[in-house]
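In what follows, every chain begins at residue 1, and chains take the letters A, B, ... in the order their sequences are listed.
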Number of protein chains: 2
Amino acid sequence: MQIDESIELKFAQQLRKHRLRLTRARKEIFQKLYETNKPLSIQDIASITNGVHFVSVYRSVDLMQKAGIVKQVPQGFKNLFELSDLFRPHHHHATCKICAASKEIHDARIESLMNTLTKEAGLLPTEHHFELYGICQNCLSAVEDSKPIQRED
Amino acid sequence: MQIDESIELKFAQQLRKHRLRLTRARKEIFQKLYETNKPLSIQDIASITNGVHFVSVYRSVDLMQKAGIVKQVPQGFKNLFELSDLFRPHHHHATCKICAASKEIHDARIESLMNTLTKEAGLLPTEHHFELYGICQNCLSAVEDSKPIQRED
DNA sequence: TCCTTATTGCAAATAATTTGCATTAAGTAT
DNA sequence: ATACTTAATGCAAATTATTTGCAATAAGGA
């Protein structure tokens with residue numbers, strides 16, 4: 001997939017703004033996040049990225065995060081990353097607890113409520129994490145809610 | 001702090017319902033979560049808990065989580081735990097990005113919106129994670145937003 | 001009190017993340 | 001284009017976090 005010209009430019013500018021260099025590794029990471037278009041773990045990124053050492057992925061994702069290029073998406077117990085709102089429309093995720101399939105949610109109601117609540121709590125809003133979980137149609141049949149928890153043995 | 005009788009009973013029942021035994025370690029963990037009354041990491045719990053090996057904390061928190069006694073609160077990049085809604089009113093957190101002070105939010109608007117959105121996404125709602133971040137009054141003065149990111153060197 | 005088996009503690013294995021350092025390569029100036 | 005400065009990379013190794021195996025212990029029911 002070819003990245004849009006203006007997106008690429010913005011990427012370069014954002015790096016520069018934070019005195020970060022536009023390296024092959026970072027281009028590669030950005031490209032993969034862009035075309036995959038869903039939250040990925042560091043490991044995920046390292047595995048699909050071409051010739052970029054996983055340590056560099058850690059370091060670059062961290063810096064790109066601080067530079068506002070990438071944002072963290074804590075999903076359940078995993079820390080995932082995707083491109084920030086600078087590069088794609090702000091959204092949230094609804095994820096199936098069972099099959100982990102995840103769907104994007106775009107809804108203005110969320111944002112306004114978030115801001116209101118954050119301010120009401122006496123904070124200057126910077127960000128919010130918002131993840132919905134449920135069970136999708138496909139998986140519903142396999143679940144019995146009242147059953148005691150499963151052990152692995 | 002002494003735990004309410006009915007709370008303790010419910011705790012025991014919930015364990016039993018899931019065929020989990022009421023052990024000293026679990027009482028201790030429950031007690032600490034109860035009196036601390038804020039999200040704690042596994043490490044936190046292990047350190048304030050009296051004579052409970054950290055491996056047991058991992059295991060018991062995991063089981064108590066599956067049994068609905070404890071719930072996970074992914075906060076930023078940390079996985080924290082607190083008692084589930086069975087034992088304290090459902091709420092969310094507004095956390096200062098800088099000093100990490102965290103304030104509880106109780107607001108019915110959130111819940112209804114969550115449920116609506118989850119259903120709209122085609123999922124049967126099970127849970128949601130919802131964390132607000134901002135900068136509190138105390139910390140506000142120390143921040144200059146447009147400054148390039150800080151490196152540690 | 002006895003019996004069954006979940007739970008614990010400990011040691012050790014794995015996995016995840018971070019750090020130090022020499023080498024490479026951006027980005028700027030010449 | 002070439003040289004220069006220093007950020008960024010790769011690799012090895014250190015930390016840190018989490019999980020697993022197993023023998024000893026202790027819940028909880030008979």
(request) Write down the distance between CZ (Arg19(A)) and C1' (dA8(D)), rounded to a whole number of angstrom. (result) 17 Å
Solution key, residues 80-89 of chain A side-chain donor-acceptor pairs under 3.5 Å, sequence neighbours excluded:
from	atom 1	to	atom 2	distance (Å)
Glu82(A)	OE1	His91(A)	NE2	3.4
Glu82(A)	OE1	His93(A)	NE2	3.4
Glu82(A)	OE2	His91(A)	NE2	3.0
Glu82(A)	OE2	His93(A)	NE2	3.3
Ser84(A)	OG	Gly68(A)	O	2.7
Ser84(A)	OG	Ile69(A)	O	3.4
Ser84(A)	OG	Leu86(A)	N	3.2
Asp85(A)	OD1	Lys71(A)	NZ	2.9
Asp85(A)	OD1	His90(A)	ND1	3.3
Asp85(A)	OD2	His90(A)	ND1	2.5
Arg88(A)	NE	Asn37(A)	OD1	2.8
Arg88(A)	NH1	Asn37(A)	OD1	3.4
Arg88(A)	NH1	His91(A)	NE2	3.3
Arg88(A)	NH2	Asn37(A)	OD1	2.6
Arg88(A)	NH2	Glu104(A)	OE2	2.7

(message) Tell me every residue that passes ring-ring contact (aromatic ring centres under 6.0 Å, His included) with Tyr133(A), counting only those two or more places apart in sequence or in another chain.
(response) His129(B)
(message) Using a 4.0 Å cut-off on heavy atoms, which residues in residues 4-16 of chain A reach DNA chain C? List them by number, or say none.
(response) Arg16(A)
(request) Quick one: list whatever passes side-chain hydrogen bond (donor to acceptor under 3.5 Å, both in side chains) with Ser6(A), sequence neighbours left out. (result) Asp4(A)
(message) I need the CG-C1' distance between Leu20(A) and dT6(D), as an integer number of Å.
(response) 13 Å
(request) Grab the CG-C1' distance between Leu63(A) and dT18(C) for me, whole Å please. (result) 13 Å
(request) Grab the CZ-P distance between Phe81(A) and dA16(C) for me, whole Å please. (result) 14 Å
(message) So Leu22(B), base contact, sugar-phosphate only, or nothing? Heavy-atom distance under 4.0 Å.
(response) sugar-phosphate
(message) Just the rounded figure in Å: distance from C1' of dA17(D) to CG of Asp44(B).
(response) 14 Å
(message) Whether Tyr58(A) contacts dT17(C) is assessed here as follows: a side-chain N or O lying under 4.0 Å from the phosphate OP1 or OP2. Is that the case?
(response) yes
(request) Take atom NZ of Lys27(A) and atom P of dT9(D), then tell me their distance rounded to the nearest Å. (result) 12 Å
Let me have the donor-acceptor pairs involving side chains of residues 47-59 of chain B, under 3.5 Å, with sequence neighbours excluded, atom names and distances please.
from	atom 1	to	atom 2	distance (Å)
Ser47(B)	OG	Asp44(B)	O	2.8
Tyr58(B)	OH	Gln43(B)	NE2	3.4

List, with names and distances, any nitrogen or oxygen atoms from the protein found under 3.5 Å away from nitrogen or oxygen atoms belonging to nucleotides 9-15 of chain C.
from	atom 1	to	atom 2	distance (Å)
dG9(C)	OP1	Gly51(B)	O	3.1
dG9(C)	OP2	His53(B)	N	3.0
dG9(C)	OP2	Ser56(B)	OG	2.6
dG9(C)	N7	Arg59(B)	NH2	3.3
dG9(C)	O6	Arg59(B)	NH2	2.6
dC10(C)	OP2	His53(B)	ND1	3.3
dC10(C)	N4	Arg59(B)	NH2	3.4

(request) Please identify each residue that fulfils side-chain hydrogen bond (donor to acceptor under 3.5 Å, both in side chains) with Ser60(B), with sequence neighbours left out. (result) Arg26(B)
(request) Check whether any side-chain N or O of Arg26(A) sits under 4.0 Å from OP1 or OP2 of dA8(D), and answer yes or no. (result) yes
(request) Describe, as an angle rounded to 10 degrees, how the axis at the first end of the helix from dT1(C)-dA30(D) to dT30(C)-dA1(D) is tilted relative to the axis at the last end, five pairs per end. (result) 50°
(message) Between Phe130(B) and Met114(A), is there a side-chain heavy-atom distance shorter than 4.5 Å?
(response) yes
(request) Provide, to the nearest angstrom, the distance between the CD1 atom belonging to Ile29(B) and the C1' atom belonging to dT8(C). (result) 11 Å
(message) Taking the nucleotide of DNA chain D with the nearest heavy atom to each, does Thr23(B) or Asn79(B) sit closer to the 5' end?
(response) Asn79(B)
(message) Side-chain heavy atoms under 4.5 Å apart, restricted to Ile/Leu/Val/Met/Phe/Trp/Tyr: what other residues fall into the cluster of Leu9(A), or is it alone?
(response) none
(message) Is the phosphate of dA8(D) approached by Ser60(A) (side-chain N or O, under 4.0 Å from OP1 or OP2)?
(response) no
(request) Spell out, yes or no, whether Met64(A) and Ile7(A) are grouped together once hydrophobic residues are joined by side-chain heavy atoms under 4.5 Å, including indirect joins. (result) yes
(message) In whole Å, I'd like the distance from the CD1 atom of Ile45(A) to the C1' atom of dT9(D).
(response) 17 Å
(request) Output all residues satisfying salt bridge (Lys or Arg N to Asp or Glu O under 4.0 Å) with Glu8(A), sequence neighbours left out; order by chain, then residue number. (result) none
(message) Under the rule for ring-ring contact (aromatic ring centres under 6.0 Å, His included), what residues qualify as partners of Phe11(B), not counting sequence neighbours?
(response) Phe30(B)
(message) To the nearest 0.5 Å, what is the distance between OG1 on Thr116(A) and CG on Asp107(B)?
(response) 9.5 Å
(message) Taking salt bridge (charged side-chain N to carboxylate O under 4.0 Å, His left out) as the cut-off, I'd like each qualifying pair that reaches into residues 115-132 of chain A, sequence neighbours left out, listed once.
(response) Glu120(A)-Arg109(B), Glu127(A)-Lys97(B)
(request) For the side chain of Gln43(A), starting at C-beta, report the closest nucleotide among dT9(D), dA16(C), dT4(C). (result) dA16(C)
